Amino acid sequence: MPELPEVETIVRGLRRQVVGKTMAAVRLFWPRSIEGSAAEFHRQLKGMTVAGIFRRGKYIGVEGEDGTFFTIHLRMTGKLVRELAAPDRKHLRVQFMFSDGTALYFIDARKFGRLRLWPCRGLSCPGLGPEPLRASAVLAALRALRTMRPIKSVLLDQAVLAGIGNIYADEALFAAGIHPLRPLSSLSGKEILRVSRSAPRVLHEAIGRRGTTLRNYRSVDGRSGENQEHLNVYGRTGEPCCECGSPIERIRINSRSSHFCPGCQKKMSDAGR
DNA sequence: AACAGCACCTGTAGGC
DNA sequence: TGCCTACAGGTGCTGT
């Protein structure tokens, strides 16, 4: 479900809601949501006072005052909410009860989301690329790679850049005017520069709109995002492109949908743009 | 190296 | 209504 802008929105909400609170009780309704020992997870978290909340890529990190650190990855349908709405009840996987009487619920219809104790303090992780929020970071990451893989696959690779998912990869490529199947190594310097600028831009814009709500994403206080009103290609198969009017096409890349405008995103290099 | 296929799971939408 | 298929914002494994 959530990509970087949605996770960032959730993290900002969590900071306001749970920092400083103490977990009086933790209940695991679906223990497989916990990676590693569920018993150990429960033992470590009970009584923990939350000192800080962090984001790294699509991971949420929660640090306790005693240095305990755990992560939450929401995968496709994970949600963190303060209030348990009736339809969410059957998807409740983990419940955190705080000593002030408030609660935080981990809801996850498809059960893909994972919580786990993190071995070290902080969210350093050797498998994650840099944050794609600055053009210079994206540029450096793309320039360091030489591969014939499609640019879309590269953007989705969390080891290259951490946080971009299917929506924002498609939107960033549309904004840059680059076809998703173009091999990275075929991109000109100017084209690499365009992607490096468009990816942070679409992410920052989406954060400003508190993310994209297509189905079940909600911020911690239950609000929808607004970025779905501003998508140019994702989920718009057959609709006219806002720039040139061509019908948006959908193809499969690495078994995932890719949406693009055949008029604005040519398959061949377009040095003239 | 990089791909497809499948696994993990459930819900929803559309065709018949 | 039911049955079927396809599809979904993610990641990780296996085989080729």
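Here the structure is a predicted model, which means the values were calculated and not measured. Values below: all heavy atoms of this structure, side chains included; hydrogens, waters and symmetry mates excluded.
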Peer 1: Out of C:dG9, B:dA2, B:dT10, which nucleotide sits closest to the side chain of A:R149?
Peer 2: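 Output: B:dA2.
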Peer 1: Just the rounded figure in Å: distance from P of C:dG9 to CG of A:N166.
Peer 2: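 Computing the A:N166:CG to C:dG9:P distance gives 5 Å.
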Peer 1: Partner lookup for B:dC9, please. Criteria are Watson-Crick or G-U wobble with both distances under 3.5 angstrom; report none if nothing qualifies.
Peer 2: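 Per the H-bond distance test, none.
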Peer 1: Between C:dT11, C:dA8, B:dG11, which one does the side chain of A:K58 approach most closely?
Peer 2: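 Given the options C:dT11, C:dA8, B:dG11, the side chain of A:K58 is closest to C:dT11.
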Peer 1: Given B:dA2, B:dC9, C:dG9, identify the nucleotide with an atom nearest to the side chain of A:T147.
Peer 2: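 Nearest to the side-chain atoms of A:T147, counting from C-beta on, is B:dA2.
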Peer 1: Which one, C:dC7, B:dC8, B:dT10, comes nearest to the side chain of A:R32?
Peer 2: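 Selected nucleotide (nearest to the side chain): B:dC8.
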Peer 1: Is A:S153 touching bases, backbone alone, or none of the nucleic acid, heavy atoms closer than 4.0 Å?
Peer 2: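 The residue A:S153 makes no contact with any strand.
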Peer 1: Separation of A:R215 atom CZ from C:dA8 atom C1', in whole Å?
Peer 2: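 Value for this atom pair: 5 Å.
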Peer 1: Under 3.5 Å, is there any donor-acceptor pair linking the side chain of A:R256 to the base of C:dG10?
Peer 2: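 Checked by distance alone, the answer is no.
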Peer 1: Counting side-chain heavy atoms from CB outward, which of C:dT11, B:dC3, B:dA2 is closest to A:Q158?
Peer 2: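 Of the candidates, C:dT11 comes closest.
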Peer 1: Over how many whole Å does the gap from A:H73 atom NE2 to C:dT11 atom C1' extend?
Peer 2: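 After rounding, the gap between these two atoms is 7 Å.
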Peer 1: Would you mind classifying the nucleic acid contact of A:P150 as base, sugar-phosphate or nothing, using non-hydrogen atoms under 4.0 angstrom?
Peer 2: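 The residue A:P150 makes sugar-phosphate contact but no base contact.
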Peer 1: What is the separation between atom CZ on A:R252 and atom P on B:dC3, rounded to the nearest whole Å?
Peer 2: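 Spelled out: CZ on A:R252 to P on B:dC3 is 15 Å.
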Peer 1: Expressed as a whole number of angstroms, how long is the span from A:L145:CG to B:dA1:P?
Peer 2: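 Spelled out: CG on A:L145 to P on B:dA1 is 12 Å.
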Peer 1: Please state whether the base of C:dA8 and the side chain of A:R110 form at least one donor-acceptor pair under 3.5 Å?
Peer 2: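 By the distance-only test, yes, there is a pair.
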